[in-house]
S.K.: 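Can you read through this structure? Questions will come right after.
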Amino acid sequence: MNRYTIIDFETTGNSPKNGDRIIQIGLAVIEDGVIVDRYASFVNPEKSLPLFIQQLTGITDEDLKDAPLFEEVAPELLKRLDGAYFVAHNVRFDLNFMNAQLDVSGYDPFTGPTIDTVELARILLPTAEAYKLSSLAEYLEIQHDNPHQADSDAEVTAELLLFLFDKLYGLPLVTLEQLAELSTRLSSDMEVVLHEIMQDKKNRIEPEGNFEIFRDIAIKLQEQISEVDSPHQSIQFEHAQKEFEQKMAETIPDFEVRTGQSDMMKQVAHAFDTNQHILIEAGTGIGKSLGYLLPGVVHAKNSGKPVVVSTHTIQLQEQLLQRDLPFLRDILPFSFKATIIKGRSHYLDLTRFEQQLHHVEEDNYDTILTKAQILVWLLETDYGDVEELNLSSGGKIFWHQVKSDAAVSANHRSPWFSRDFYHRRKRFAMNADLIITNHALLFSDLINEHQLLPAYQQAVIDEAHHLEDIATEFFGIKTDYFSILQGFVRMGLKDGDGIYGKVLSILKNLEVEVEETKNEIDAYVKTILGDVDELFRMLHRYVQKNIHRSNEIGRLSYRITGENGSAWEAIQEADHRLVFYLKDLDKSLKKLEKELDLKEDELTREQLNTSADFKGIHASVLEELSKVDYLLLNESENDVKWVEIDPKGSLNSAFLFSRPVEVGSLLSSDYFGKKKSILLTSATLTVKNSFDYITKRLGLEEFGPLIHQYHSPFDYSEQARLMIPTDLPMIKDVSDVQFVEHITDAILQIARVTRGRMLVLFTSYDMLKKAHHRMKELIAHDELTLISQGVDSGSRVRLTKNFKESEDAILFGTSSFWEGVDIPGEDLSCLIIVRLPFSPPDNPVFQARSEQLKSSGGNPFMELSLPEAIIRFKQGFGRLVRSQRDRGAVFIFDRRIISTRYGRLFVKSLPDVPLIKGTTEELVNELDLWL
């Protein structure tokens, strides 16, 4: 019988070495799957508590003054640990603390087996969003009354352990055997536990679950793909819409037809039926997703051809899949098929995973953990999509070895082909009425001659204000030192192992003479890696010498235009040298490939896969390196080229970019000209109520697209206020330090009224960082939490979630927070726009576009800079009011909005919202009364 003692300590700080002490013990003992004993006690640390510990735990010096000393409670601890597993959520922390204090009190340290519930949760709950105890409690609906109190935390950890053991017990035997093989390299001592569960399972007949075992790996039974085309149906759109609205009225109390949404549906249906492109601006609250999904489904059913729906953000894809499409399915009188397809690298390649699974000798801890996560995830996933997984940073590196990859992945000869996630997605897409995808895939499909999406003539491009930027990026090229090095590492050329090592040993076993070729390759690789390193160091030095202002992600960028001088000549010389050696390396690698081809009939399946991998990575290494050549040595009319460096990064952290200056003509000929009807929609497509800017930028002028604008149904005169402080300085009139002082003082005054719940949008990362540091000092005595993009780690989604979970939080964000962040209701009451969001004048693409406009007699400010800023501004403003019940204020800290002629155009672009000017103090008082 196993005994598990689950322990949690609250402490005065993080380091027993620096004299931190335990202040509270909570524990629970589990035997036979039941909690049989509990113990809790305060502990007197013989020192006063830091303020932040009192705030975090709610424990005060008063609570501890009559508490027993650690040496008095140690016997209670040790008695319950006798013959037991020591279990904790992050076991290293609690165990180190306890052993340090046992040592001081004259007891021997605990040396028995341990289990870390963080590690176990990572493996058995591979799709959980976070592994903090409070997050897991919420995820599993475990009652957690007092987070950061040891007794409550220990109780919740015990419940968590029981849940995880239950889950472990439900896994198929084959998965348990594989986990047991990996478990010797985990932190938790799980071998005995796993062997006991396996023994128990072997003695019973395993019930059949929703999985199959194929090639010794258990995977979830996959939905059958019906190869039968759904019959063409003749559905009258007017009937379908009427039925939709009737059903809505039956299911939703007080339902009123949204006139904007209803008309949008008709216009989209009309455009699709008459083969016309159409632009629709639909303000927040129109319900644009259903506005295009219903006509899209009807058109697909009638034509027997799919309609593609493309979004920019993953959030919108999730919303379509989890909310809008199921809703539509429930309401419509006919069935339809919808599927999602993402870029290839999102999907797990089961052939590659099977190969990697049993090679564990060289694996590091993160790789072992990730393999264990994937084994459990395979019993749950329908898609095999990496977005579902919560991987560590080391796990993300391992993903590159097992993701689907056109160069090296499962072909129809692989036994896994029929179960391959990526090819299944493609087959589902062949039979779907609606295909949900993203802008990036839409373009990579265009560039890769339509390998991913089935043929389609109608598409919806949602969040279409991004289209120009995404197309610019996709028709462009980029590379950096790390991307090049990674190819050599993946191939095993850097260390002479990996796939390269495997190929050499395959050929040696077949008695092919490879020594001479190997020596050539090793010599070339050594030279090339040295040259690449030196080239990127030279680029780094060149930029550092020539430029001193960082961009919004903290990098320095330098545009390459007609460079000359000895430093640039040296860079080009180094590039020529690199190209020369590359050709030699390529020849030598091809010799090995030729030998493999000659011996093809003698190779095993695994050896054939290795050969395919080798060729695939070889091609991608060459492609990566050929980019350097293009970026540094070739001139091109319509391209702008630049180098970015990370001034705080390593001396070779330089990044090379090339982008087309103008993509309208490319889109016009390669996309819009080849499709019958594309709907472009967003909440922000117009400038001064006109679609001219977007039509021109995207090359749509010659098609004369239909245009419609639907204003938001929200009552902005009641729900929002636009406030402009007149006492803040213009940024050009003061130093950066003074400007930051003024704005942070103002932010604090406003935050005290709104109790945080505030999003502050910056246009410069540098300014954000400076404001963060000053703000931290200012709020030291206020109960406000500051979360800042780029300073606090985590993705935009994670930072937004932290913001929603904290009361009284202030969130600082740059460019990516200007949109796509959805914080409805009470969580967000105030939005501050620090500066009007003009593109920085030294952004290379923006510079090149301005020059092109100027040379053709245009006005870069009025035709490019201003419209772009207004659209971004409208996006930022749109963060505030997300529903009928939201209320909030938008502060603009940039007086240009009222002091310049063009500033009025920003205000005019917004819905009718009351505008109030005054000193910061006057506005804060006004806000206090209004909120």
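Along the sequence shown, residues carry numbers from 1.
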S.K.: Leu378 and Leu350: side chain to side chain contact (heavy atoms under 4.5 Å, CB included), yes or no, with the steps?
M.R.: CA-CA 10 Å; Leu378 283 174; Leu350 288 159; 3.8 Å; yes

S.K.: Sequence neighbours left out, what passes ring-ring contact (aromatic ring centres under 6.0 Å, His included) with Phe165? Give chain and number order.
M.R.: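 Only Tyr4 meet the ring-ring contact (aromatic ring centres under 6.0 Å, His included) criterion with Phe165.
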
S.K.: Can you list everything that forms a side chain to side chain donor-acceptor pair (under 3.5 Å) with Ser135? Sequence neighbours excluded, please.
M.R.: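 Partners of Ser135 under the side chain to side chain donor-acceptor pair (under 3.5 Å) test: none.
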
S.K.: Looking at residues at least two apart in the chain, or sitting in another chain, which of them share a side-chain contact (heavy atoms from CB on, under 4.5 Å) with Ala372?
M.R.: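 With sequence neighbours excluded, Ala372 shows a side-chain contact (heavy atoms from CB on, under 4.5 Å) to Ile123, Leu179, Leu182, given in chain and number order.
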
S.K.: The criterion is side chain to side chain donor-acceptor pair (under 3.5 Å); which residues satisfy it with Thr754, sequence neighbours excluded?
M.R.: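 Once residues adjacent in sequence are excluded, Thr754 has no partner under the side chain to side chain donor-acceptor pair (under 3.5 Å) criterion.
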
S.K.: Between Asp808 and Arg757 (salt bridge meaning N to carboxylate O under 4.0 Å), is one present in this structure?
M.R.: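 Arg757 and Asp808: not salt-bridged.
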
S.K.: Ring centroid separation for Phe421 and Tyr383, is it under 6.0 angstrom?
M.R.: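 Judged by ring-centre distance (under 6.0 Å), Phe421 and Tyr383 do not meet the cut-off.
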
S.K.: Run the side chain to side chain donor-acceptor pair (under 3.5 Å) test against Thr57 and tell me which residues pass, sequence neighbours left out.
M.R.: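 With neighbours one apart ignored, the set is empty.
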
S.K.: Tell me the side chain to side chain donor-acceptor pair (under 3.5 Å) pairs involving residues 81-102, sequence neighbours left out?
M.R.: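 Output for this query lists His89-Thr117.
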
S.K.: Rounded to the nearest 0.5 Å, what's the gap from CG on Leu95 to CD1 on Ile7? Could you check?
M.R.: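 If I round to the nearest 0.5 Å, the distance is 9.0 Å.
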
S.K.: Residues in side chain to side chain donor-acceptor pair (under 3.5 Å) with Glu72, at least two apart?
M.R.: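 With neighbours one apart ignored, the set is empty.
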
S.K.: Please check if any side-chain donor atom of Thr744 sits under 3.5 Å from a side-chain acceptor atom of Arg774, or the reverse.
M.R.: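 Judged by distance alone, the side chains do pair up.
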
S.K.: Side chains of Glu388 and Thr381: donor-acceptor distance under 3.5 Å anywhere?
M.R.: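 A pair is found: one side chain offers a donor N or O, the other an acceptor, under 3.5 Å apart.
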
S.K.: Considering only distance and modelled atom types, tabulate donor-acceptor pairs under 3.5 Å from the side chains of residues 394-401, sequence neighbours left out.
M.R.:
unit_1: Trp399; atom_1: NE1; unit_2: Ser345; atom_2: O; d: 3.0
unit_1: His400; atom_1: ND1; unit_2: Lys403; atom_2: NZ; d: 3.1

S.K.: Phe110: what forms a ring-ring contact (aromatic ring centres under 6.0 Å, His included) with it, not counting sequence neighbours?
M.R.: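 By the ring-ring contact (aromatic ring centres under 6.0 Å, His included) rule, Phe110 matches Phe86.
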
S.K.: Going by salt bridge (charged side-chain N to carboxylate O under 4.0 Å, His left out), name the residues that satisfy it together with Asp63, two or more places apart in sequence or in a different chain.
M.R.: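 None.
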
S.K.: Does Phe97 have any ring-ring contact (aromatic ring centres under 6.0 Å, His included) partners at least two apart in sequence or in another chain, and if so, which?
M.R.: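 In terms of ring-ring contact (aromatic ring centres under 6.0 Å, His included), with neighbours along the sequence ignored, Phe97 is linked to Phe93.
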
S.K.: I need the full list of salt bridge (Lys or Arg N to Asp or Glu O under 4.0 Å) pairs touching residues 154-177, with sequence neighbours left out, sorted by first then second residue.
M.R.: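 Those involving residues 154-177 are Arg38-Glu155, Lys167-Glu380.
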
